[in-house]
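Written out below as structure tokens is the structure these notes cover.
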Amino acid sequence: ELKVEQNPLFLSMQEGKNYTIYCNYSTTSDRLYWYRQDPGKSLESLFVLLSNGAVKQEGRLMASLDTKARLSTLHITAAVHDLSATYFCSCLGGGSEKLVFGKGTKLTVNP
Amino acid sequence: NAGVTQTPKFQVLKTGQSMTLQCAQDMNHEYMSWYRQDPGMGLRLIHYSVGAGITDQGEVPNGYNVSRSTTEDFPLRLLSAAPSQTSVYFCASSYSGLYGYTFGSGTRLTVV
């Protein structure tokens, strides 16, 4: 059974600092997704990672995937207040369409 | 292009009542799924469908039914609502998963 673990679950950062959110998954997966959720809102797709070594960047966020280590990272560069949100990773088990989510990382960026 | 449309946005039910949460997408996506989101639990998969006429159970299917008679619609039925079903429900769709999943705006359900 596929399990997805994120850490940390809560992250408080100062503006301008860098940090990384980690997403570990327990079984083979060939697709990994990152989402952003603002309070009271729906989920917004950030990145789709489909292969080992995949790296995608959008603004101050960069996501990577290491399928051998079963690990994805979301790196935040020079954080700004607008990045405050909850970030979720999710992935599909090999051969399954069951999308499993981590519990999310609530990021707060303080001025 | 409306994307994924969920109705209603808010609903209060009494214990034992039944209701259907509606989900429709206009992107010709084959994959559709329902999740519930509870504080500290992330999103948990209730049921999913890989095409019209095909559905399967997710992680937390008990108390919920689904059907997929058309590509566009994937309603979620609560047969006899219980307070434990108080949650925010999200519907999502995808074209094969290669391009990510598009989520609806959610339905906030309270069962009293």
Side-chain angles (χ1 to χ4, degrees), chain A residues 1-10 21-27 29-51 54 56 58 61 63 65 72 74 85-106, chain B residues 2-7 9-10 21 23 25 27 29-52 54-61 66 68 74 87-109:
Chain A
E1 180 184 342
L2 175 62
K3 294 189 185 302
V4 179
E5 289 190 0
Q6 284 182 241
N7 67 83
L9 298 182
F10 299 92
I21 299 171
Y22 297 88
C23 176
N24 292 90
Y25 52 97
S26 60
T27 65
S29 176
D30 51 8
R31 301 179 211 170
L32 191 129
Y33 310 92
W34 284 96
Y35 292 91
R36 169 183 171 142
Q37 185 180 39
D38 293 301
K41 302 293 186 181
S42 185
L43 280 78
E44 172 191 355
S45 179
L46 293 175
F47 301 109
V48 179
L49 303 171
L50 300 176
S51 61
K56 291 195 174 180
E58 180 74 32
L61 300 178
L65 179 61
S72 180
L74 181 66
T86 299
Y87 293 85
F88 291 95
C89 68
S90 64
C91 56
L92 294 170
S96 168
E97 294 302 330
K98 292 184 178 181
L99 190 62
V100 179
F101 280 80
K103 292 186 177 181
T105 297
K106 184 174 182 180
Chain B
V4 178
T5 302
Q6 286 185 241
T7 56
K9 293 191 182 303
F10 301 94
L21 307 185
C23 176
Q25 52 90 10
M27 299 172 284
H29 285 173
E30 289 297 319
Y31 300 162
M32 295 187 74
S33 48
W34 277 101
Y35 302 85
R36 59 178 289 172
Q37 184 175 29
D38 302 293
M41 299 293 291
L43 279 81
R44 292 181 292 170
L45 180 65
I46 304 171
H47 287 285
Y48 67 102
S49 169
V50 297
I54 306 169
T55 63
D56 205 349
Q57 296 182 350
E59 182 183 356
V60 287
V66 292
R68 184 101 179 267
F74 191 43
S87 187
V88 180
Y89 291 83
F90 287 101
C91 178
S93 73
S94 174
Y95 179 74
S96 81
L98 293 177
Y99 306 106
Y101 286 72
T102 301
F103 282 79
S105 58
T107 296
R108 187 173 294 273
L109 176 67

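For the numbers below, each heavy atom of this structure counts, side chains included, while hydrogens, waters and symmetry mates do not. Letters A, B, ... are given to chains in the order of the sequence lines, protein chains preceding strands, and every chain is numbered from 1. Keep in mind that this is a model prediction, so the values were computed, not measured.
- Neither the backbone nor the side chain of K106(A) comes within contact range of chain B, judged by heavy atoms closer than 4.5 Å.
- Nearest heavy atom pair, residue S42(A) against residue S105(B), reads CB-CA, 4.0 Å.
- For chain B, the nearby part of L50(A) is the side chain; its heavy atoms alone come within less than 4.5 Å.
- More than 12 heavy atoms of other residues, nucleotides or ligands shown are found within 6.0 angstrom of CZ on R36(A).
- Residue with the most contacts toward chain A among Q37(B), R44(B), M41(B): Q37(B) (heavy-atom pairs, distance under 4.5 Å).
- Of the inter-residue distances, the one linking L2(A) atom CG with E59(B) atom CD reads 10.0 Å to the nearest 0.5 angstrom.
- Scanning for ring-ring contact (aromatic ring centres under 6.0 Å, His included) contacts around Y35(A) gives F101(A), F103(B), with sequence neighbours left out.
- Interface remark: E1(A) contributes no atoms to any contact with chain B (heavy atom separation under 4.5 Å).
- Taking CG of L99(A) as the start and CG of L43(B) as the end, the distance is 9.0 Å to the nearest 0.5 Å.
- The part of Y35(B) that comes within reach of chain A is its side chain, from C-beta onward, which places non-hydrogen atoms under 4.5 angstrom from that chain.
- Residue K98(A) holds its NZ atom at 7.5 Å from CD of Q57(B), rounded to the nearest 0.5 Å.
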